[in-house]
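The block underneath contains the structure these notes are about, expressed in structure tokens.
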Amino acid sequence: MGFDQSQVKHERLLAWVGEVASMCKPDAIYWCDGTTDEYNRLMQQMVNCGMAIPVEGRPNSFYFRSDPSDVARVEDRTFISTPQQIETGPTNNWMDPAELKPLMRGLYDGCMRGRTMYVIPFSMGPIGSPISKIGIEITDSPYVVVNMHIMTRVGTRVMDVLGKDGEFIPCLHSVGAPLAPGQKDALWPCAPIERKFICHFPDENLIWSYGSGYGGNALLGKKCLALRIASVIARREGWMAEHMLILRLISPAGRRYHIAAAFPSACGKTNLAMMQPTIPGWRCECIGDDIAWMKIGPDGRLYAINPESGFFGVLPGTSYESNPMAMETLKANCIFTNCALDDRGEVWWEGMTEDPPSHAIDWKGKDWTPSCDTPAAHPNARFTAPARQCPVICPDWENPDGVPIDIFVFGGRRAKLVPLVCEAFDWDHGVFLGATASSETTAANIGAVGNVRRDPMAMKPFCGYNMGDYFSHWLSMGDRLGNNAPKIFYTNWFRKGEDGRWLWPGFGENSRVLKWMCERVDRMAAARETPIGRLPADGALDLRGLDIASEDLKELLRVDKEAWIRELDSIREHFAQFGDRLPQRLWVQLQKLEQRLKE
Ligand code: SAT
Ligand code: MN
């Protein structure tokens, strides 16, 4: 059972696993083979100890409740550790490796006592593809193992590719809750917040995570490897690792457009990635919902792959109305974390159905009825679902060559100011739009919800190096791409009226905005110039069949010059924090914006 360690011929890997074992002192070591049998066995063990509950009506699906303190990423406890602080920049927490490493070794010492240490060989990207990267995650959490089975490609085939001396990214994870002999385990073991650490050592391609079992804190292939570490590698090697969904939009004439869109966590990437266009004849296929790795291909265009193999999506708000394709994806073989269970043992979350169940057990394990003043599901409750189960998964989603990107979209959640859509004048202006992106914070991170913050390219929590240098990298990619560069747009689906109502219906109706973008690529749709960019000309958005008040539409496409002038100071302040690492070309963009606004 499992992969036999004596079969492992990779000296460096064996040495690292041996070192970690002698530091963490687990009771046993288990090498994951990635088989269904392994998944089922681990799940059964977790069911037997009460950690997992089979979900009624969804074959092979299981429900978990986390500890109430361990419900989201912990940006305050996430560190980029380089000898020089300037290399991590002002948007990351920094610690000197000379200080952080001994501190972490102290925490890791004996941290797996009473537990099994799992060694998970995984591939980000199709196994064996030249774009893919191999990681080895060591963890003491069987919950992490089953999630990694879905989110990444795990197993023996990865070991084959690794061979005797292949490259791998070491990812060490512990829930940070050693067990004394005879001590009963918690249903969701973890460490208190001040002892959680999510550490990255980009100079060594090394990830050390301690104290949390949740999401991106623990499934280290995702944010830690595929974004924070990969962004550093990508810059070094001249490609891009971005927090972007990837979709293919197909016109009635069969023309394919590939769109990569960056929005902060919990701002609707999964919904957009699987959207059902409401415009007759248009179709959408999903390639990925969270991360894009992109390289310039032999024809000079930019090609994207999704390094993941599953979706780790937000449950609250997901329904047959908002995201029918996600609902179909969730019918079987899924993991549900921190939603509620109704009396039949079926999962439920806010927004899933029009009528809530009359009684449920909430995410904290307490009785819940609709009259409770707390939600039944945690706002960051998540599903883990195999991508291949999505009914609109693109036939090319595992194509190792990727898909050629035509359009980049940036955006965020802003109740005010930012219009529904705007097109950049050129690449530099597009990078400026991305670099100044702002959004109201969500429950995907532990901390206040609803504060506006700058979240450049939706990468603030995920860029593994100085963001000023990251902007330079974007500019240099544009220089290399030249005329092949994707067109850049900025969207805001979340605009509200004075009365607090959403002005734009969103979801499948967003296809109207995407269609305009595609027509802009083909020079088929009209735009009007405004100081902040090009907006759809009157009548250029296809609104046939949509019931929207003309005042609402006007407001959605209004550019309030005075309000934008007031925004300039906050952009200046945002840029100033990067000092001389901020590329001059972005200061020029700011100047030009100011000029256009004050003309
Ligand atoms: O927990 S995750 O980091 O994987 C989800 C997210 O914040 O996007
Ligand atoms: Mn994300």
Side-chain angles (χ1 to χ4, degrees), residues 64 66-67 69-78 122 124 135 137 139 141 143-144 147-148 150-152 171 173 188 190 196 198 200 207 209 211-231 241-246 260-274 286-293 306-318 326 335-339 378-385 387 409-413 437 439-447 449 453 455-464:
F64 291 80
S66 79
D67 186 272
S69 72
D70 198 28
V71 293
R73 279 184 296 100
V74 283
E75 290 176 18
D76 284 352
R77 311 297 308 156
T78 300
F122 65 96
M124 300 311 289
E137 177 160 353
T139 179
S141 162
Y143 170 83
V144 166
N147 275 274
M148 288 294 284
I150 297 177
M151 296 304 297
T152 74
C171 312
H173 171 252
W188 183 280
C190 64
K196 294 189 207 293
I198 321 297
H200 308 74
I207 299 163
S209 165
S212 167
Y214 205 85
N217 300 333
L219 314 177
L220 302 185
K222 196 175 181 58
K223 308 299 187 179
C224 298
L225 192 162
L227 287 176
R228 298 196 191 96
I229 293 294
S231 63
E242 299 297 330
H243 190 206
M244 290 179 169
L245 67 90
I246 312 166
F263 305 116
S265 302
C267 288
K269 281 202 302 301
T270 308
N271 292 342
L272 190 66
M274 305 174 187
C286 173
I287 293 154
D289 80 330
D290 197 38
I291 299 176
W293 283 357
N306 169 14
E308 302 189 282
S309 58
F311 306 122
F312 187 66
V314 179
L315 284 167
T318 303
I335 297 170
F336 295 87
T337 307
N338 280 351
C339 56
H378 185 277
N380 194 40
R382 296 268 172 168
F383 59 79
T384 320
V409 184
F410 297 122
R413 223 179 240 278
S439 193
E440 288 144 23
T441 50
T442 69
N445 169 44
I446 295 212
V449 169
R453 71 168 183 186
D455 189 349
M457 284 82 171
M459 283 288 276
K460 180 181 184 291
F462 307 121
C463 182

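Indexing begins at 1, ligand by ligand and atom by atom, following the structure's order. The analysis underlying the following values was restricted to heavy atoms, covering all of them including side chains, and did not include hydrogens, waters or symmetry mates. Residues take their numbers from the sequence shown, with the count starting at 1.
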Sub-3.5 Å N/O-N/O distance, [X] and ligand 1:
X: D290; result: no
X: K223; result: yes
X: S265; result: yes

Would you compute the distance between atom [atom1] of [X] and atom [atom2] of [Y] and round it to the nearest 0.5 angstrom?
X: D290; Y: N306; atom1: CG; atom2: CG; result: 8.5 Å
X: L315; Y: R382; atom1: CG; atom2: CZ; result: 8.5 Å
X: C267; Y: L272; atom1: SG; atom2: CG; result: 12.0 Å
X: L219; Y: E308; atom1: CG; atom2: CD; result: 9.0 Å
X: I446; Y: D76; atom1: CD1; atom2: CG; result: 9.5 Å

Run the numbers on R228 and E75 for salt bridge (Lys or Arg N to Asp or Glu O under 4.0 Å), then give the verdict. CA-CA 12 Å; R228 298 196 191 96; E75 290 176 18; over 6 Å; no
Are Y143 and F64, when compared by the centres of their aromatic rings, separated by less than 6.0 Å? yes
Atoms of ligand 1 less than 4.0 Å from [X] heavy atoms?
X: R382; result: 5 (C), 6 (C), 7 (O)
X: K222; result: 4 (O)
X: F312; result: 1 (O), 4 (O)
X: G215; result: 1 (O)
X: A444; result: 7 (O)

Any N/O/S atom of K223 sitting less than 2.8 Å from the Mn ion (ligand 2), backbone or side chain? yes
If I take the Mn ion (ligand 2) as the centre, what angle separates the NE2 atom of H243 from the OD1 atom of D290? Nearest 10 degrees is fine. 90°
Indicate the ring-plane relationship of W188 and Y214, choosing parallel, tilted or perpendicular according to the 30° and 60° boundaries. tilted
shortest atom 1 (O) of ligand 1-to-protein heavy-atom contact is with G216 N, 2.9 Å
Protein contact to atom 7 (O) of ligand 1 [nearest heavy atom, distance to 0.1 Å]: R73 NE, 2.7 Å
Once you restrict to heavy atoms under 4.0 Å, what part of Y214 touches ligand 1? Side chain, backbone, both or neither. neither
Taking the six-membered ring of F462 as reference, does the cationic atom of K223 (NZ for Lys, CZ for Arg) lie under 6.0 Å from its centre and within 45° of its axis? yes
